[in-house]
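For ligands, and for the atoms within them, numbers begin at 1 and follow the listed sequence.
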Amino acid sequence: MRQAAMMPLTAFVVAGLSLSAGICQASQEYENNVELLQRKLTLQNFKPHVLLFVADCMGWAGLGSHRTAENSAEAQGKAETQTPILDNLIRDGVLLERHYTGSSSIPSRQSLISGRLPREFAAPMAGVSNPTTFWNPEDNISGFFGVPRNMTGIGSKLKQAGYATHYVGKWAAGHATPEQTPFGRGFDSFLGYLGAENDYWSKQGDAEEFIRSICVEKFQDFSLYNATYRGGVDDTIAAELGCEERLKGKSFNKHGCNEEDPDDCLPDGCHEESMLLEYAMRLIKNHDSSKPLFLTYSSHLVHVPYEFTASASKLEADIQKSVKESGIKEKLPWTSPRKGTAVSLASMDSIMGRLVEALKEHGMFEDTLVVFISDNGGSVQVRSGANNYPLKSGKFSEWEGGVRTNAFISGGFIPARHRGSSFHGVIHIADWYATLCSLAGVSHVDDVSAKANELLRLQGRPLLGEVEGRPQLQNIFSGINGRPDALHLSSSSLLKWPYKLVTGQQKYSFWPGPVFPNCSSDGPDDAPLDVYTHFFSFENESARLEKDMVEDCGNGCLFNVEIDPSERWDLSSHTDHNAVLSSLQAELKLMNSKAFKADIGHSRVQACLQSFRQGGFVGPFVDVGDFYTTHQVAGEEETEMYRQELMQLQARLRDEEFLNETAREMYEKMGSLSDELGCFD
Ligand SMILES: *[C@@H]1O[C@H](CO)[C@@H](O)[C@H](O)[C@H]1NC(C)=O
Ligand SMILES: *[C@@H]1O[C@H](CO)[C@@H](O)[C@H](O)[C@H]1NC(C)=O
Ligand SMILES: *[C@@H]1O[C@H](CO)[C@@H](O)[C@H](O)[C@H]1NC(C)=O
Ligand SMILES: *[C@@H]1O[C@H](CO)[C@@H](O)[C@H](O)[C@H]1NC(C)=O
Ligand SMILES: *[C@@H]1O[C@H](CO)[C@@H](O)[C@H](O)[C@H]1NC(C)=O
Ligand SMILES: *[C@@H]1O[C@H](CO)[C@@H](O)[C@H](O)[C@H]1NC(C)=O
């Protein structure tokens with residue numbers, strides 16, 4: 001155990017009081033918690049290590065603990081969901097049953113990093129899937145995609161509290177300026193990708209076949225930032241992380257194989273998740289445990305594309321074995337996306353296992369708070385194949401399957417009497433900011449954004465929002481709902497426990513079954529083509545609405561999600577719910593009127609040029625100053641040639657025929673849905 005200063009009893013009592021200030025009932029409960037009191041008594045100033053594990057697009061049904069085996073189909077679903085390590089951690093921790101997030105990763109991750117609700121960020125433009133190259137030079141504070149630069153990140157807060165801070169994996173909270181990167185948000189080191197997704201092998205910025213962006217897909221989105229190095233993960237760094245293969249000069253396809261020779265594939269050590277894990281293991285191993293550690297492990301799993309190392313075939317065999325041994329008679333054949341999800345989940349589970357093992361090995365686990373969350377619900381587009389059963393729908397919708405996610409806390413820090421319990425109070429992903437600040441003993445108030453607001457007020461621009469996340473640890477340990485008031489989930493939904501208001505058109509309005517997608521799953525199959533930020537659909541509007549399974553809630557559907565978690569009974573037309581409905585509608589309207597509306601400009605070639613100069617890696621491109629240690633990797637002449645090429649491309653983007661043709665080419669490459677499902681025995 002780490003040394004901590006002994007405190008006299010009187011000082012402790014004062015501290016205990018201030019901890020429980022504000023919630024009378026809670027303070028009684030809290031003081032009854034003898035164990036925590038004793039811990040505090042000897043370890044005043046005790047700051048636990050924090051492992052914050054963020055899963056990407058994990059479905060509600062992707063957690064073994066959320067599966068039952070009441071009938072044959074459920075038993076099969078359960079057998080396919082192998083998360084023994086997460087389930088064990090839950091047994092020793094607290095399952096957080098009402099954890100809410102945004103309905104997609106960008107708003108959620110911005111909330112997590114900044115403690116703000118999603119309405120405090122410029123919404124991603126309608127129809128733009130990748131705004132990372134956007135910039136509005138007129139607005140120095142919020143004219144960028146992501147968390148405005150003048151907000152304080154969670155890393156800075158914990159660093160201020162004396163933590164060593166590290167961020168591994170997916171970022172997706174903006175990176176136009178250095179201040180918006182993990183480095184600028186107070187993380188001593190970062191290894192990972194800055195955008196919302198990349199390819200596990202090539203690390204190219206856009207992993208999806210139906211997106212074409214002006215430059216992102218050409219570059220690798222994989223960087224390392226620390227005190228002495230800030231730049232792309234080049235061959236030397238890759239080799240340090242276990243990827244011995246020389247990548248430079250070879251052209252690998254998205255599956256990690258040589259374009260010229262499909263049998264020449266990258267070794268397992270070059271798989272992105274392996275490199276992230278290797279890096280995180282080294283951080284733990286080299287950590288000076290007299291200092292508290294804040295490690296965020298933001299996994300690429302269980303997000304598409306489903307690309308695995310050779311060791312994943314063992315996991316696949318284990319899953320098949322578990323299904324076989326469960327003795328289910330009428331098994332549904334595996335579909336390719338469901339198999340990808342199952343193997344992804346099992347891989348993620350084993351990664352958590354490795355991290356926990358490393359913490360134990362280095363004597364840190366007993367003093368660790370593990371926080372596990374997903375950034376949003378699973379994607380139920382048939383091609384992705386995640387499952388939120390029994391919740392409705394998934395990612396990109398405001399239904400529970402999109403915004404209510406798996407979450408738990410665990411680790412040696414959890415007092416014995418709370419282990420194995422469930423907490424049913426509402427938590428928003430923004431709450432982790434204030435929760436971790438309070439755990440570390442620092443204020444969650446953001447003075448930096450308050451200062452920027454002085455200038456913004458003078459300029460008559462929209463003001464930056466305050467931290468609205470709430471400290472929740474004490475609520476969790478006292479069983480108190482810390483969010484009984486209206487919680488603004490998004491511009492189209494609001495939760496006021498136990499009621500939820502959902503308005504407007506919602507995609508993917510269906511209930512995935514326990515075994516989803518299966519061979520008879522015919523939708524949804526949504527892959528709108530995003531051609532240089534122009535959206536293309538080859539369907540007419542009515543066909544699109546049908547294909548996307550759009551349900552229109554108009555001014556509001558109303559659910560009691562406590563007794564109806566699957567949102568099957570819309571109460572909006574029940575006269576005895578008129579008052580609730582209109583009060584929630586009024587609150588949503590009011591909260592929407594406060595939404596932050598910054599102009600983040602449009603896509604800029606500066607972003608591409610900066611990546612080119614830096615040797616082909618995505619990174620900040622505005623006010624970079626001396627941010628990069630890699631200075632200029634590409635020469636002036638090469639850069640100029642690339643600039644010319646970009647200008648030509650930009651000119652062509654005004655040509656509608658060219659865009660149409662590109663879209664058609666992309667559309668033709670997309671496999672049919674039945675090909676995607678590929679039903680296996
Ligand atoms: C933005 O900041 C730069 C310095 O980083 C300054 O030179 C410029 O005048 C500012 N622009 C605006 C519009 O405030
Ligand atoms: C930063 O990363 C580089 C490249 O991996 C490494 O050589 C260097 O030691 C690291 N610096 C610190 C301070 O960790
Ligand atoms: C906003 O942040 C930038 C970068 O940290 C800083 O240079 C600038 O002074 C800040 N602006 C205000 C008004 O606080
Ligand atoms: C198969 O998928 C469909 C949705 O496409 C779903 O309605 C059905 O319940 C699923 N079957 C099982 C056993 O989960
Ligand atoms: C829209 O497309 C569908 C199928 O692609 C077709 O059946 C339908 O008639 C079309 N509707 C209109 C209004 O064009
Ligand atoms: C491009 O496609 C759109 C609809 O998909 C069509 O309306 C337009 O006429 C096309 N333009 C050209 C120049 O072909």
Side-chain angles (χ1 to χ4, degrees), residues 127 155 159 163-169 178 181-184 186-194 203 210 212 220 222-248 269-270 272 274-289 291 293-296 522-550 614-615 617 619 626-631 633 651-668 670 672-673:
K159 195 170 167 153
Y163 275 75
T165 55
H166 301 279
Y167 194 103
V168 180
T181 68
F183 190 73
F187 290 95
D188 297 335
S189 88
F190 163 69
L191 174 78
Y193 51 108
L194 296 160
K203 286 91 176 176
F210 42 84
R212 184 134 324 156
Q220 286 187 19
F222 201 39
S223 297
L224 175 80
Y225 302 155
N226 65 25
T228 55
Y229 179 89
R230 284 176 300 281
V233 174
D234 59 18
D235 283 344
T236 318
I237 297 170
E240 284 170 21
L241 295 169
C243 175
E244 301 286 352
E245 191 82 12
R246 306 299 294 180
L247 303 175
K248 203 139 196 160
C270 297
E272 183 168 61
S274 308
M275 293 169 79
L276 297 177
L277 178 63
E278 176 63 30
Y279 185 75
M281 301 285 280
R282 285 178 192 207
L283 286 175
I284 294 171
K285 185 169 154 237
N286 297 331
H287 180 69
D288 164 8
S289 60
K291 213 179 174 187
L293 170 69
F294 175 38
L295 170 60
T296 301
D522 55 358
D525 171 31
D526 171 63
L529 303 172
D530 179 357
V531 189
Y532 302 108
T533 76
H534 298 265
F535 260 80
F536 276 83
S537 173
F538 287 92
E539 279 103 32
N540 60 44
E541 181 67 2
S542 57
R544 191 189 63 79
L545 293 180
E546 192 181 325
K547 203 167 161 187
D548 285 358
M549 304 172 115
V550 172
Q614 236 53 250
F617 294 96
D626 57 5
F627 176 73
Y628 291 104
T629 45
T630 46
H631 298 296
V633 176
R652 292 200 75 185
L653 297 187
R654 281 179 226 120
D655 174 1
E656 206 179 275
E657 212 172 308
F658 168 72
L659 291 176
N660 281 3
E661 207 178 293
T662 311
R664 190 155 293 281
E665 263 170 40
M666 287 162 69
Y667 187 70
E668 274 156 18
M670 260 171 56
S672 73
L673 193 58

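- Applying the side-chain contact (heavy atoms from CB on, under 4.5 Å) rule to Asn540 yields the partners Ser542, Ala543; only residues at least two apart in sequence or on another chain are considered.
- On a distance-only criterion, Glu240 and ligand 2 share at least one N/O pair closer than 3.5 Å.
- Close contacts of ligand 2 with Thr228, meaning ligand atoms under 4.0 Å from a residue heavy atom, involve 1 (C), 8 (C), 10 (C), 11 (N), 12 (C), 13 (C).
- Scanning all protein heavy atoms for the shortest distance to atom 12 (C) of ligand 6 gives Asn660 ND2, 3.2 Å.
- With respect to atom 14 (O) of ligand 2, the closest heavy atom belonging to the protein is Asn226 ND2, 3.5 Å.
- Looking at Asn226 and Asp188, their side chains never come closer than 4.5 Å, going by heavy atoms from C-beta outward.
- When only interatomic distances are considered, the shortest N/O to N/O separation between Glu656 and ligand 6 falls below 3.5 Å.
- There is no protein heavy atom less than 4.0 angstrom from atom 5 (O) of ligand 6.
- Asn540 ND2, 3.8 Å is the protein heavy atom nearest to atom 8 (C) of ligand 5.
- Checking atom 10 (C) of ligand 6 against the protein gives a heavy-atom contact under 4.0 Å.
- Ring centroids of Phe538 and Tyr667 are separated by less than 6.0 Å, placing the two rings close together.
- Counting heavy atoms from C-beta on, the side chains of Phe617 and Thr630 never come closer than 4.5 Å.
- Within the 4.5 Å cutoff, the side chain of Phe536 has heavy atoms near those of the Leu659 side chain.
- Atom 2 (O) of ligand 6 is flagged as protein-proximal [any protein heavy atom, distance under 4.0 Å].
- What you find for Phe627 and Pro178 is that their closest heavy atoms are CD1-CB, 3.6 Å.
- Atoms of ligand 2 found under 4.0 Å from any heavy atom of Leu224, numbered from 1 in the order shown, are 2 (O), 4 (C), 5 (O).
- Phe294 has its side chain out of reach of His166: every pair of non-hydrogen atoms, C-beta onward, lies at least 4.5 Å apart.
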